[in-house]
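Worksheet: the structure to be examined is printed underneath.
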Amino acid sequence: MNKKFDAIVVGARCAGSPTAMLLARQGYRVLLVDRATFPSDTVSTHILHPLGVSTLSRWGLLDRLTATGCPPIHTYTFDFGPFTIAGSPGTPAAPLAYCPRRTILDKLLVDAAAESGAEVREGFAVDQVLIEDGCVVGIRGRSKQGGSIVEHADIVVGADGRHSVVAEAVRPEHYDDKPPLLAGYYTYWSGLPMEGRFEQYIREHRGLAAVATHDDQTLVIAGWPYAEFTENKKDIEGNYRRTIELAPMFADRLRGARQEARFAGTAVPNYFRKPYGPGWVLVGDAGYNKDFITAQGIMDAFRHAELCAVALAAVFSGTRSFEDAMGDYHHARDAQVKAMYEFTCLLATLEPPPPDMQQLFGAIHGNQKAMDGFARLNAGTTSPAEFFAPENVDAIMAAAASSSHKGAAHAG
Ligand SMILES: Cc1cc2nc3c(=O)[nH]c(=O)nc-3n(C[C@H](O)[C@H](O)[C@H](O)COP(=O)(O)OP(=O)(O)OC[C@H]3O[C@@H](n4cnc5c(N)ncnc54)[C@H](O)[C@@H]3O)c2cc1C
């Protein structure tokens, strides 16, 4: 068998292009294929939290993104109706988030993979994953010009999203599955300045968020529980507008803006898949997926591409066995995201928080250190385990009690 490649990566967006790029940078022979051509859009909003931005910076790609004129985001706000929490989502080393259009971000990533030496085939659809004696050995696909093409490699990487053809072929173990919880729809507006804020509005059984992106446009997404998905699909615009009216001051601002695109949106399932087996690995949404309410997907795809590429390089160089290296990748991926996965699924129900959580949110309000902590929690900068640790919660509650005590003393 003529094996031209160490790895074939199927899917060339946030997970696939970085995996291909990082392997190619180490001199491995990589074929990166996608049935899409770039630049092209996909159904996804595109907040990139500060830790995702710092990953781009580590790869030497952040300057390319900022050169596209993507506006930086320095503050996340959470409007609960009676009060708003506003804080900084990042760290001193990585303070900013961005919300780059996928047409721009994904193209930048594919180009970086090609520059690093990966062979890139756009407009190439994989129809079949080739398996011999229980081991994946390659792919069969076709380019837009037609004609079936077979390629072989030591490893086939499924970076091909939620409907992964690689996962479908290898049937990996699933765990911690949860059904879709939320339906979200978004569009873009001009004339809606955001001044560096990512604004989120939390209402009973409804959520709303707004953030500036390329071309002086602002992305506005509205969401409702998945139980209403089918019914509300009959009138997406009406439901979107009624959700916006739940935040009257924001609705007033939107009245002065102009809608620039059609509505897009969906609902997604939540799952983990075992991300490796004989001759194959999964990265990005192909390997695990969660609701978009906390906007973790792109950042996670970046970080897991990095973990996956490190593990594969150790296998290709002969320093580690496939089972050991990929077992560590699996473990590190899950350890990094598990607590956030549970928190995300909780938020995605759009149920009012339990009373103790409501009390905590009230206590966070007005305490800048705690508000920064809350913004970092939602950005995935701080883990839920750290934020909800009893010492942190107790400190926030004590600070609130002491300031209301002082307030009462002043009033007296
Ligand atoms: C409504 C919505 C809003 C979201 N908002 C955010 C957000 O604000 N921030 C955030 O971080 N994440 C967000 N996400 C999640 C984010 O979009 C994903 O986590 C991210 O796109 C995953 O990247 P990926 O590379 O794994 O997969 P994808 O982006 O799905 O890319 C998979 C690629 O594989 C290709 N492919 C598939 N099958 C084949 C085949 N057979 N042959 C060849 N190519 C194939 C596809 O063409 C595609 O280009 C959102 C998701 C949704 C649905």
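Ligands are counted one by one from 1 in listed order, and the atoms in each one are counted from 1 as well. Index from 1, following the sequence.
- In terms of protein heavy-atom proximity, atom 44 (N) of ligand 1 is closest to R35 N, 3.1 Å.
- Nearest-residue assignment for atom 8 (O) of ligand 1 (options T45, T266, V211, V166; heavy-atom criterion): T45.
- Geometrically, ligand 1 and D285 share a nitrogen or oxygen pair separated by less than 3.5 Å.
- Close approach to A295 involves these atoms of ligand 1, each under 4.0 Å from a residue heavy atom: 7 (C), 8 (O), 9 (N), 10 (C), 11 (O).
- Which parts of ligand 1 touch G284 is read off a 4.0 Å heavy-atom cut-off, strictly below it: atoms 26 (O).
- Both the backbone and the side chain of I298 come within contact range of ligand 1, each with a heavy atom under 4.0 Å.
- The nearest protein atom to atom 27 (O) of ligand 1, hydrogens excluded, is given as G161 CA, 3.7 Å; this is a heavy-atom distance.
- A cation-pi arrangement is absent between R203 and Y201, since the terminal nitrogen or guanidinium carbon is not both under 6.0 Å from the aromatic centre and inside a 45° cone about the axis.
- Annotation: R102 places an N or O atom under 3.5 Å from an N or O atom of ligand 1; distance criterion only.
- Taking the ring axis of Y188 as reference, the NZ or CZ atom of R101 stays within 45° of it and closer than 6.0 Å to the ring centre.
- Interface of V165 with ligand 1, defined as ligand atoms under 4.0 Å from a residue heavy atom, comprises 41 (N).
- Nearest heavy atom pair, residue F250 against residue L208, reads CD2-CD2, 4.0 Å.
- Each of the atoms 52 (C), 53 (C) of ligand 1 lies under 4.0 Å from some heavy atom of V43.
- Checked against the 6.0 Å centroid threshold, F316 and Y28 count as a close aromatic pair.
- Nearest non-hydrogen protein atom to atom 36 (N) of ligand 1 is D160 CB, 3.8 Å.
- Contact detail for T66 and D63: the closest heavy-atom pair is OG1-O, 3.1 Å.
- When the heavy atoms of V126, D127, I293 are ranked by distance to atom 42 (N) of ligand 1, first place goes to V126.
- Contacts with ligand 1 closer than 4.0 Å are made by backbone heavy atoms (N, CA, C, O) of Q296 only, the side chain lying farther away.
- Polar contact check, A125 against ligand 1: no nitrogen or oxygen pair lies under 3.5 Å apart.
- For ligand 1, one of its N or O atoms has an N or O atom of G297 under 3.5 Å away.
- At under 3.5 Å, a nitrogen or oxygen of H46, whether backbone or side chain, sits near a nitrogen or oxygen of ligand 1.
- Ranking protein heavy atoms by distance to atom 25 (O) of ligand 1, first place goes to A15 N, 3.0 Å.
- Counting only distance, with no hydrogens or angles, the side chain of H49 and the backbone of G380 share no donor-acceptor pair below 3.5 Å.
- For the pair K290 and ligand 1, the shortest N or O to N or O distance does not fall below 3.5 Å.
- Ligand 1 has a nitrogen or oxygen under 3.5 angstrom from a nitrogen or oxygen of I47.
- When G223, A159, S44 are checked for heavy-atom proximity to atom 51 (C) of ligand 1, S44 turns out nearest.
- The existence of a salt bridge linking E204 and R206 is excluded, since no basic side-chain nitrogen approaches an acidic carboxylate oxygen closer than 4.0 Å.
- In this structure, D372 does not pair ionically with K369, as no charged nitrogen and carboxylate oxygen lie closer than 4.0 Å.
- Between K338 and D176 there is a salt bridge, since at least one side-chain N of the basic residue sits less than 4.0 Å from a carboxylate O of the acidic one.
- Among the atoms of F292, none of the N or O lies under 3.5 angstrom from an N or O of ligand 1.
- For a threshold of 3.5 Å applied to N or O pairs, the pair formed by C14 and ligand 1 contains at least one separation below that value.
- In this structure, K290 fails the cation-pi test against F292, since its NZ or CZ atom is not both closer than 6.0 Å to the six-membered ring centre and inside 45 degrees of the ring normal.
- In this pair, F374 and F361 present their aromatic rings perpendicular. The plane angle is above 60°, beyond the 30 to 60° band.
- No N or O atom of T42 sits closer than 3.5 Å to an N or O atom of ligand 1.
- Remark: ligand 1 atoms within the under-4.0 Å shell around heavy atoms of G11 are 33 (C), 34 (O), 35 (C).
- The protein heavy-atom contact nearest to atom 33 (C) of ligand 1 is D34 OD2, 3.5 Å.
- Aromatic ring centres of Y329 and Y276 lie farther apart than the 6.0 Å criterion allows.
- Two rings, from F229 and W224, have their centers 6.0 Å or more apart.
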- Item | Test log, rule side-chain contact (heavy atoms from CB on, under 4.5 Å), inputs Q336 and H304 | CA-CA 9 Å; Q336 197 173 63; H304 300 159; 2.9 Å; yes

- Test side-chain contact (heavy atoms from CB on, under 4.5 Å) on L312 and L23 and set out the steps. CA-CA 8 Å; L312 284 177; L23 287 173; 3.9 Å; yes

